[in-house]
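One structure is given here, and the rest of the page talks about it.
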Amino acid sequence: MAHRFILRFWGSLSVLGLLLGALFFAGSLTPSLLPRTFLTQGVLSGVCFAVGYGIGALAALVWAYLELPMPAGRFWRGVKLLAAAACVVVVLVFLWRTAEWQNSIRTLMKLAPVETGHPFKVGLIALATFVVVIVFARLFALAWRLISRALLRVAPRRVASLVGGLIALVLFWTAVEGVLFRSALHAMDSSLRRLDELMEPDTPQPTDPQRTGSAASLVSWPDLGRRGREFVAGITRPEEISALTGRPAKEPVRVYAGLSSGEDAEERAHLAFQELIRTGGFSRKYLVVIVPTGTGWIDPEAMGPLEYLTDGDVASVAIQYSYLSSWLSLLVEPSYGSDAARALFRQVYDHWTKLPRDARPKLYLYGLSLGALSSEQSTELFEVIGDPYQGALWVGPPFESRIWRRFTAGRNAGTPAWLPRFGDGSYVRFTSQKDALGEATAPWGPMRLVYLQYASDPVTFFDEGAYRRPPAWMVGPRGPDVSQQLRWYPLVTFLQLGLDMAMATTTPMGFGHVYAGEHHVDPWIAVLGLEGQWTPEVAGKLKEAFRADRPQP
């Protein structure tokens with residue numbers, strides 16, 4: 001029975017679809033920005049096979065619908081057999097080379113090479129994925145036929161078919177997006193909310209009344225949330241700073257308001273602002289307005305170097321706006337981060353501008369990932385041009401970042417998209433693992449913007465147009481952490497980059513979307529205007545303390 005069902009299923013498949021699907025499958029095995037496991041490779045290859053099959057099957061249906069002549073006879077059967085054999089050879093060759101292609105990325109990211117690409121496992125997972133997609137597609141086709149048949153009683157055949165297809169599409173979209181996707185997001189959000197509320201036994205509540213989360217704080221310890229408690233507890237101690245720099249240091253100020261500390265972004269921003277005043281944040285030499293990632297996390301790899309370089313004379317303030325990871329927040333709730341960023345910046349900036357210029361801190365912005373995009377949107381240049389903040393460090397900006405896209409598109413001729421130079425460098429500069437900030441042809445102006453980005457970061461370099469053309473960062477010399485064997489294939493590269501974006505934080509530190517502390521040192525020095533205040537020896541010691549390959553606790 002099962003044998004008969006399999007044969008009937010196989011006989012129902014489109015020959016052209018199978019041929020094109022095989023080519024898509026082969027293309028999916030080539031490298032993209034990040035290394036893959038056999039599981040993620042199998043799922044990706046199955047989806048690519050299904051997409052290629054769908055295009056081929058649709059082309060065959062359109063050909064038949066237009067009643068164009070179909071080739072037949074022994075010659076045509078021979079052509080199909082030769083084409084099928086060629087596709088099988090291509091697939092086998094590409095499967096054989098999978099390990100080599102994955103190692104071309106792994107070597108750059110200092111990962112141990114793999115001995116095999118697990119072709120058998122990849123093939124089985126791809127087949128299972130393909131079958132699931134095909135079954136779903138055939139359920140859609142069945143619904144289309146049933147609805148169209150019912151409409152034949154009141155409408156002509158072609159009208160019934162068109163309207164039936166539209167109704168089926170709406171029904172399936174509602175089921176997938178409105179029920180499955182939203183339900184999954186709701187479950188994930190609830191789970192992450194409960195995780196955020198868990199009290200970590202190894203993170204004690206501060207006893208110093210000047211610390212956020214203490215008994216005297218305006219923000220209670222539970223209302224900080226998990227990410228807020230991590231941020232507040234991870235403060236760099238003055239003795240740690242002095243031990244490395246040999247200079248006297250203060251205890252930095254860290255202020256945070258979790259999602260449960262206010263009903264909306266305005267309320268949380270006002271609470272964080274009041275707490276910043278209470279803790280003396282405006283009396284520090286430097287003040288940084290932070291926009292966290294989607295989960296509310298603030299990267300200690302960025303905060304540590306900042307507090308060392310400022311001798312602890314710095315205050316940082318942030319509010320939480322989501323529980324979801326940045327790439328999910330970017331897809332389903334992109335405005336939440338910008339709303340929170342604008343609310344917090346407006347509170348801080350309005351008070352800051354009323355302080356005497358010679359008695360107020362220097363004001364800066366910072367954001368990582370979705371936090372970088374939201375921090376960009378926290379204010380417009382025309383709103384602050386009369387009294388501008390001093391600068392910003394934006395790390396791993398998502399591909400949708402409007403200001404980042406403008407700078408990248410307007411880059412100087414001859415500079416790559418993954419490390420552009422814009423104008424004379426007096427306003428904005430880009431850097432990566434290797435410091436490139438000194439390549440500017442002019443000194444800094446009154447406002448300093450720095451982008452830290454890795455060429456292998458798919459959150460930054462995902463390209464929504466990659467289905468039809470190569471991304472700009474593939475033209476010209478590649479980034480030092482991007483495989484030289486990466487090639488562009490229509491649609492396939494788009495799907496590869498989509499998977500890369502979802503897996504962006506699975507890389508070793510210093511690659512992908514995982515930014516190392518050592519690579520923040522030079523950007524912070526540039527943004528804060530500390531050139532000449534730190535000897536190369538001390539800066540080197542700080543980089544060594546935060547180097548990417550150091551043992552992690």
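Just so it is clear, the structure is predicted and the values come from calculations on it, not from any experiment.
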Verdict with reasoning, Met109 to Thr507, per side chain to side chain contact (heavy atoms under 4.5 Å, CB included): CA-CA 8 Å; Met109 295 188 177; Thr507 60; 4.1 Å; yes

Indicate yes or no: does [X] engage [Y] in a salt bridge with an N to O separation below 4.0 Å.
X      : Y      : answer
Arg342 : Glu383 : yes
Arg402 : Glu380 : yes
Arg360 : Asp387 : yes

Steps toward side chain to side chain donor-acceptor pair (under 3.5 Å) verdict (Thr212, Glu275): CA-CA 7 Å; Thr212 297; Glu275 177 71 2; 3.0 Å; yes

When you compare the side chain of [Y] with that of [X], does any pair of heavy atoms fall below 4.5 Å?
X      : Y      : result
Phe231 : Asp299 : no
Leu111 : Pro35  : yes
Trp444 : Arg429 : yes
Leu344 : Ile290 : no
Val253 : Val255 : yes
Leu276 : Gln347 : no
Tyr366 : Val291 : no

Residues that Leu108 engages under side chain to side chain contact (heavy atoms under 4.5 Å, CB included), provided they are two or more places apart: none

Given Phe399, Trp404, Trp473, the one that forms side-chain contact (heavy atoms from CB on, under 4.5 Å) with Thr460: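 Considering Phe399, Trp404, Trp473, a side-chain contact (heavy atoms from CB on, under 4.5 Å) with Thr460 is found only for Trp404.
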
Once rounded to the nearest 0.5 Å, what's the spacing between atom [atom1] of [X] and atom [atom2] of [Y]?
X      : Y      : atom1 : atom2 : result
Asp463 : Met501 : CG    : CE    : 11.5 Å
Arg268 : Tyr321 : CZ    : OH    : 11.0 Å
Met509 : Glu301 : CE    : CD    : 4.0 Å
Leu393 : Leu365 : CG    : CG    : 10.0 Å
Leu486 : Met474 : CG    : CE    : 4.5 Å
Glu439 : Leu419 : CD    : CG    : 6.5 Å

Should the ring pair [X] and [Y] be called parallel, tilted or perpendicular, given that the plane angle runs from 0 to 90° and is split at 30 and 60?
X      : Y      : value
Tyr364 : Tyr286 : tilted
Phe407 : Tyr427 : perpendicular
Tyr454 : Tyr515 : parallel

Using a distance-only test with no angle check, is there a side-chain donor-acceptor pair under 3.5 angstrom linking [X] and [Y]?
X      : Y      : answer
Asp424 : Thr441 : no
Asp223 : Ser261 : no
Thr37  : Thr40  : yes

Aromatic centroids of His520 and Phe546 separated by under 6.0 Å: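 Between Phe546 and His520, the centre distance exceeds or equals 6.0 Å.
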
Pairwise salt bridge (charged side-chain N to carboxylate O under 4.0 Å, His left out) hits with a residue in residues 532-542, at least two apart: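 Sorted result for residues 532-542: empty, none.
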
Pairs flagged by salt bridge (charged side-chain N to carboxylate O under 4.0 Å, His left out) wherever residues 245-263 is involved - sequence neighbours left out: Arg211-Glu251, Arg237-Glu251, Arg247-Asp311, Lys250-Asp313, Arg254-Glu307

Side chain to side chain donor-acceptor pair (under 3.5 Å) assessment of Ser375 paired with Trp394: CA-CA 8 Å; Ser375 183; Trp394 290 319; 2.8 Å; yes

Side chain to side chain contact (heavy atoms under 4.5 Å, CB included) assessment of Val395 paired with Gln453: CA-CA 6 Å; Val395 182; Gln453 57 192 38; over 6 Å; no

Flag, side chain of Ser456 to backbone of Val482, donor-acceptor distance under 3.5 Å: no

N/O donor-acceptor pair under 3.5 Å between Asn412 side chain and Thr415 backbone: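 Judged by distance alone, no pair lies under 3.5 Å.
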
Derivation of the side chain to side chain contact (heavy atoms under 4.5 Å, CB included) call for Phe273 and Phe282: CA-CA 10 Å; Phe273 166 67; Phe282 285 97; 3.9 Å; yes

Audit row: Arg284, Val314, side chain to side chain contact (heavy atoms under 4.5 Å, CB included) steps and yes/no: CA-CA 5 Å; Arg284 295 307 177 101; Val314 60; 5.7 Å; no

Working for side chain to side chain donor-acceptor pair (under 3.5 Å), residues His513 and Ser369: CA-CA 8 Å; His513 200 55; Ser369 190; 2.8 Å; yes

